[in-house]
Amino acid sequence: MMNTLIAPVMALVAWSLAVWLWMYVQRLPAMSKAGIKPQDAAFPGSLNGLPAGARQAADNYNHLMEQPTIFYAAALAIQVGGHADGWALHLAWAYVILRVLHSLVQVTVNIVNLRFLLFVLSTICLAVMVVRELMVLFG
């Protein structure tokens, strides 16, 4: 199973769930300390007054629900199409590792230039995966 694209897909899913947990470990105590009731968080932006750590974890969780959806679709399409070669596997793992590093930077030091670099590098991995598959399908 480790030589299929299912492994990096599931690794990123597991990481996303870990960040979800991290988000609530940060958010719930911060809400309690700030006297914010759950209903007070009914609308986007209503928790912007929370400390940076709680906001950063939530922001990163949201990021993990955005571009990685394209990764999941691409990786599974490549796998189902029978085109999961060594390059696809390496690119998929590189994408996952870069997204994990992006998360760690965002929820800790939150250096925007470093986050952006990791995001760009991960996007390049994803783009190469997609272009390679399109070349196989339409080339």
By side chain to side chain donor-acceptor pair (under 3.5 Å), R55 pairs with (sequence neighbours left out) none
Separation between CG (L64) and CD (Q106), nearest 0.5 Å, reads 8.5 Å
_With a 4.5 Å cut-off on side-chain heavy atoms, are L47 and I36 touching?_
yes
Connected to V131, directly or through other members, by ILVMFWY side-chain contacts below 4.5 Å are M135
In L126, L12, V13, the residue satisfying side chain to side chain contact (heavy atoms under 4.5 Å, CB included) with P68 is L12
When rounded to the nearest 0.5 Å, the distance separating CH2 of W93 from SG of C125 is 13.5 Å
Contacts satisfying salt bridge (Lys or Arg N to Asp or Glu O under 4.0 Å) that involve residues 69-84 (not counting sequence neighbours) are none
Sorted by chain and residue number, the side chain to side chain donor-acceptor pair (under 3.5 Å) partners of D40 (sequence neighbours excluded) come out as none
Exercise. With side chains defined as the heavy atoms from C-beta onward, is the minimum distance between H102 and S122 less than 4.5 Å?
Worked result: no
Just list the side-chain donor-acceptor pairs under 3.5 Å for residues 83-92, sequence neighbours left out, or say none.
unit_1	atom_1	unit_2	atom_2	d
H83	ND1	E133	OE1	3.2
H83	ND1	E133	OE2	2.7
H83	NE2	G81	O	3.2
D85	OD1	W87	N	3.3
D85	OD1	A88	N	2.9
D85	OD1	R132	NH1	3.2
D85	OD2	R132	NH2	2.7
H90	ND1	G86	O	2.6

The remaining residues in the hydrophobic cluster of L118, counting side-chain heavy-atom contacts under 4.5 Å among Ile, Leu, Val, Met, Phe, Trp and Tyr, are I97, L98, L101, V105, V109, I111, L114, L117, L121
Quick note, side chain to side chain donor-acceptor pair (under 3.5 Å) partners involving residues 66-80, not counting sequence neighbours, are Q67-Y95, Q67-R99, Q67-T123
Here the side chain to side chain donor-acceptor pair (under 3.5 Å) pairs for residues 43-53, sequence neighbours left out, are none
Contacts satisfying ring pair (Phe, Tyr, Trp, His ring centres under 6.0 Å) that involve residues 116-139 (not counting sequence neighbours) are none
key: Path from V136 to L76 over hydrophobic side-chain contacts below 4.5 Å   = no
With a 3.5 Å cut-off and sequence neighbours excluded, list the donor-acceptor pairs that the side chains of residues 17-30 form with protein atoms.
none

To the nearest 0.5 Å, atom CE of M65 lies from atom CG of N62 at 8.0 Å
| message | Applying a strict under-4.5 Å side-chain criterion to I, L, V, M, F, W and Y, I'd like to know whether Y61 and V112 cluster together. | response | no
Side chain to side chain contact (heavy atoms under 4.5 Å, CB included) filter on M10, not counting sequence neighbours, yields I6
Hits for side chain to side chain donor-acceptor pair (under 3.5 Å) against W15, two or more places apart or cross-chain, chain-then-number order -> S103
Side chains of V9 and V96 in contact at under 4.5 Å (non-hydrogen atoms)
no
